[in-house]
Engineer: 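Got a structure for you, written out below as structure tokens; questions coming shortly.
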Amino acid sequence: MCEKILLIDGHSILNRAFYGLPDLTNSEGLHTGAVYGFLNILFKVLGEEKPEYLAVAFDRSEPTFRHAKYPEYKGTRKPMPQELKEQIPLLKEMLEKMEIATVSLAGFEADDILGTLAKKGEEKGMDVIILSGDRDLLQLATKKTMIRLPRTAKGQTVIEDYKEDQVQERYLVTPAQVIELKALMGDAADNIPGIPGVGEKTATRLLAEYGSIENAFSHVEEISQKRARESLRENYQMAQLSKELATICTNSPIEFEQEKFQLGNIFTKEAYELCRKLDFRNFLMKFDPAEVNENTIEQDFFICNDLEGCEALFEKAGQAEAVGIALLWDKEGVYGAGLALGEDEMYYVPVEGMVTAAYLSDKIGRLGKSTTVCSMDVKTMLKRADLTPDANVFDCGIAAYLLNPLKSTYTYEELAKDYLDGKLLPGKEELLGKISLKKAWEEDMPELEHLACYMAYTAFATRAPLKAKLQETGMWKVYTEIELPLVFTLDSMEKWGIEVKGEELKNYGEKLTVRIHELEKLIWQQAGEEFNINSPKQLGVILFEKMAIPGGKKTKTGYSTSADILEKLASENPIVNDILEYRQLTKLKSTYADGLGAVIEKDGRIHSTFNQTITATGRISSTEPNLQNIPVRMELGRLIRKVFVPEAGFVFLDADYSQIELRVLAHMSGDEKLIKAYREAEDIHRLTASQVFHIPLEEVTPLQRRNAKAVNFGIVYGISSFGLSQDLSITRKEAAAYIQKYFETYPSIKGFLDGLVEQGKEKGYVSTMFGRRRPVPELKSSNFMQRSFGERVAMNSPIQGTAADIIKIAMNRVYKRLLDEKLRSRLVLQVHDELLIETWKDEIPQVSRILEEEMKGAANLAVELEVDMHQGNNWYEAK
DNA sequence: CTGTTCACG
DNA sequence: ACGTACGTGAACAGA
């Protein structure tokens, strides 16, 4: 085996990474995407080639020998964007810290350096690999020198490899003729004009026939193609110059400093620190922890795997003011727990022998009575730990969510970074990869111990800074009085679940299937062919091309076939209504009939998960399954609610707030007229219409009421004339007129909404009545679209968020009273403005009273909070 | 893995 | 000129 040298075209690869990948910025706002991409390619190629030597060549700013020959050379090259420019020194710094040799030479380009070093490397008997994004380098390919050209295909980096033979295969010319090819064809990037009228095809043919430009010129009369013949005759001198310019110099005065190029350990401590600074988390694991001297926390991890030790451990934990706990479990079992008694005292307790899941559950439950139990995610822990609603707990995930609800995850390693001075811990993925907890536990992997301890450590250590920040931001009350008690409320709802009649659901689904098949046949018949109706792409082609139904493009990817578009086309062709019905039925079948059927558990009930840290506004969300979007608006879909039933001896009581968001708006804006309207009117939309259009209440037409209702909604969403016009199918002008009239009628609302936008711009966030914040970074955007979005968000979030706060308060109060009054009835669902209680029949009056009192009393607004309540033997009836 | 569509508030 | 109403989650298609 020969020794191998890898030569990299620095600017070219950096450039490619910059344009081919999304830009990144680190926490200090430095642009880093191109450097990241460069390193990614570097690591990939190093892994593949395992060279003994490595050098990265860079261009210099001084003019080169090419400029001397041809002053226009690269004259029109577009200037490098600032975001890329500033990454060059960053890359050089990184390479220096990785102890990778960089080479550059005044008067020469990186190409020339690569060519020279490649030649010298070959002379020393080495294999040479050149990594570049520039195809010009192909002229350097030989039997021992391979050119590697990375490109992005389908989001993946693939590398094309060229030795001499591959160049011949792909371009039908020898590497040396690559120069001739370029001289003939020209190169816009380097401002080389080439021969007008000669493209790749002609150039290749000429070279195949004559071998070189000179020889072609000496046989110019024989060239059959007229255009090429005359052009070559006229531009021969230029072509010769081009050739000269395109030729890479392989004997530039640069030393082959073998020792300097020798590849050592690139994962140095200095490089590690720079990677940290740049937020290159994915690279950090490549570094040897011992080498970079990080993660000294692991020295404080201990294993406790005997009963006696555990007894002592939990005894000691019970004396502490607070402990961090991480419980490792999944659907198949409980594997162990991490305990942090201090920042330098972490224990891993695997489930083993006498230390059972039940033992841990009990011990953690007891801890909650004497000590603050800090956890990344209390609700999940509650499923396997016997903590009661009066336990002292601290939920780091929820605290972090309140401090920044825009994040998508709140993992321990993120929290450590954000709240422990940028401390970097290995995450779960990094420790275990795709290995399941169960497998790691069965094989006693040390990574499982690390996971448990890191998690417990973070839960313990972030509590103080999280608490301080919550206090600083005025959100401590929202945290302690709303979110933290809600953890237990939601846990209880998840544990109870809701009974669903599987058989009936199946029957419902089968009925749908019959009609779906009918419609499918009908649609195919009308279309004149079978196709996938579920594919918007195929459907668009059928409707708008084959059947030529008028109605143009909308989306980036093709035609829009969404319901609101199709509804407008219903009169054009009967197929449209069939498609709409088909869509409706397949939705009901796949998402609800089949989807819900698949998640009924052995107890005959569905146990959804209510997520508390997802939404930007403070609402909760529901997953697996989502029980907050069960059909209700259309009768056919609404029937699904009949399969949601209470247990024998119970009924459903369903209570929902009437127009809570509009009432919140009335209160927060303090608009006297709207407040007065709510005090008087039973139909707020009708009254709005009457006031906005200046007509007596009795004379409001249904259309006027509908319009007023749409405006009311629009106000809550952060009004825009375009949005309203879309909703009402009217012109923007008309919509704008409605809005103007609305604001004239309720002047304080305009002032209130403008104030929210202003506050958002000034402070960077908006707040609910209870102090919950939502950052609105979009308001700072220079992009009109983004900024407008930010404005609507600033107007909507305080309203939606306050309503969310209110119902959360109500839920906690209802839950508490059901417990305190020792009732059998239980809260099972929340749908944003609605609570569903599975009510023991004897308790109906008491529960009705509780619901009414606690929902209405959850907040003291300038307008009444009105609650509508219904009772039924299934969810359909109770709505 | 992203975009489209559609169910809810 | 830009091209959207606010907040979610699930299924499906097509790369």
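To find a chain, count down the sequence lines: A is the first, B the second, and so on, and within it residues start at 1.
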Engineer: Measure the distance from NZ on A/Lys709 to P on C/dA5 and round it to the nearest whole Å.
Structural biologist: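 That distance rounds to 19 Å.
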Engineer: So what does A/Ser622 touch, heavy atoms closer than 4.0 Å: a base, only the sugar-phosphate, or nothing?
Structural biologist: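 Here A/Ser622 touches the backbone only, sparing every base.
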Engineer: Look at A/Lys763 together with A/Glu758 and state whether they make a salt bridge at an N to O cut-off of under 4.0 Å.
Structural biologist: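 Looking at A/Lys763 and A/Glu758, the cut-off is not met.
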Engineer: Checking A/Arg732 against A/Phe722: charged group under 6.0 Å from the ring centre and within 45 degrees of the axis?
Structural biologist: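 Verdict for A/Phe722: no cation-pi partner in A/Arg732.
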Engineer: What I'd like to find out is whether the side chain of A/Tyr678 reaches to under 4.5 Å of the side chain of A/Glu864, using heavy atoms alone.
Structural biologist: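 Not in contact.
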Engineer: Can you tell me how far C1' of B/dC8 sits from CG of A/Leu588, to the nearest Å?
Structural biologist: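 Rounding to the nearest Å, CG of A/Leu588 and C1' of B/dC8 are 13 Å apart.
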Engineer: Any donor-acceptor pair, under 3.5 Å, between the side chain of A/Gln628 and the base of B/dC8, if you only look at N and O atoms?
Structural biologist: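 Side chain to base: no pair present.
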Engineer: From C-beta outward on A/Ala616, which listed nucleotide comes closest to its side chain: C/dG7, B/dT5, B/dG3?
Structural biologist: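 Comparing C/dG7, B/dT5, B/dG3 against the side chain of A/Ala616, the answer is C/dG7.
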Engineer: Would you please classify the geometry between the A/Phe544 ring and the A/Tyr559 ring as parallel, tilted or perpendicular, with 30° and 60° separating the classes?
Structural biologist: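 A/Tyr559 vs A/Phe544 ring planes: tilted.
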Engineer: Looking only at the side chain of A/Pro631 (C-beta and beyond, no hydrogens), which of the listed nucleotides C/dC12, C/dT8, B/dC8 gets closest?
Structural biologist: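 Within the option list, the nearest is B/dC8.
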Engineer: Where the side chain of A/Arg732 is defined as all heavy atoms beyond and including C-beta, which of C/dT4, B/dG3, B/dC6 is the nearest nucleotide?
Structural biologist: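 The answer is C/dT4, which lies nearest to the side chain.
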Engineer: Could you check how far CG of A/Leu829 sits from P of C/dT8, rounded to whole Å?
Structural biologist: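 So the CG-P distance, A/Leu829 to C/dT8, works out to 20 Å.
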Engineer: Of the nucleotides C/dG7, C/dG14, B/dT5, which one has an atom closest to the side chain of A/Phe789?
Structural biologist: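 Selected nucleotide (nearest to the side chain): C/dG7.
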Engineer: Among the candidates B/dA7, C/dG14, C/dG9, find the nucleotide nearest to the side-chain atoms of A/Ser535.
Structural biologist: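 Nearest nucleotide to the side chain: C/dG14.
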Engineer: Between P on C/dG7 and CD on A/Gln830, what's the gap in Å once rounded to a whole number?
Structural biologist: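 Value for this atom pair: 17 Å.
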Engineer: Of the nucleotides B/dT5, B/dG9, C/dT8, which has the atom closest to the A/Thr561 side chain?
Structural biologist: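 Closest of the options to the side chain of A/Thr561: B/dT5.
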Engineer: Taking a pair as Watson-Crick or G-U wobble with both distances under 3.5 Å, which nucleotide is matched to C/dC2?
Structural biologist: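 Base partner found: none.
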Engineer: Using the P atom on both, measure B/dC6 against C/dA5 and round to a whole Å.
Structural biologist: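 Per the computed distance, 14 Å lies between those P atoms.
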Engineer: Nearest-Å distance, OH (A/Tyr657) to P (B/dG9)?
Structural biologist: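 Value for this atom pair: 17 Å.
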Engineer: Under 3.5 Å, is there any donor-acceptor pair linking the side chain of A/Arg583 to the base of B/dT5?
Structural biologist: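 In this structure, the two groups form no donor-acceptor pair.
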Engineer: Using the P atom as the reference point in each nucleotide, state the distance between C/dG3 and B/dG3 in Å, no decimals.
Structural biologist: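 Between the two P atoms, the distance is 16 Å.
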Engineer: Determine the Euclidean distance between corresponding P atoms of C/dT4 and B/dT5; express it in Å to zero decimal places.
Structural biologist: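 Per the computed distance, 12 Å lies between those P atoms.
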Engineer: Is there a donor N/O on one and an acceptor N/O on the other, under 3.5 Å, for the side chain of A/Ser720 and the base of C/dT4?
Structural biologist: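 Such a pair is found, so the answer is yes.
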Engineer: Can you figure out which of C/dA5, C/dG3, C/dA13 approaches the side chain of A/Asn532 most closely?
Structural biologist: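 So the nucleotide nearest the side chain must be C/dA13.
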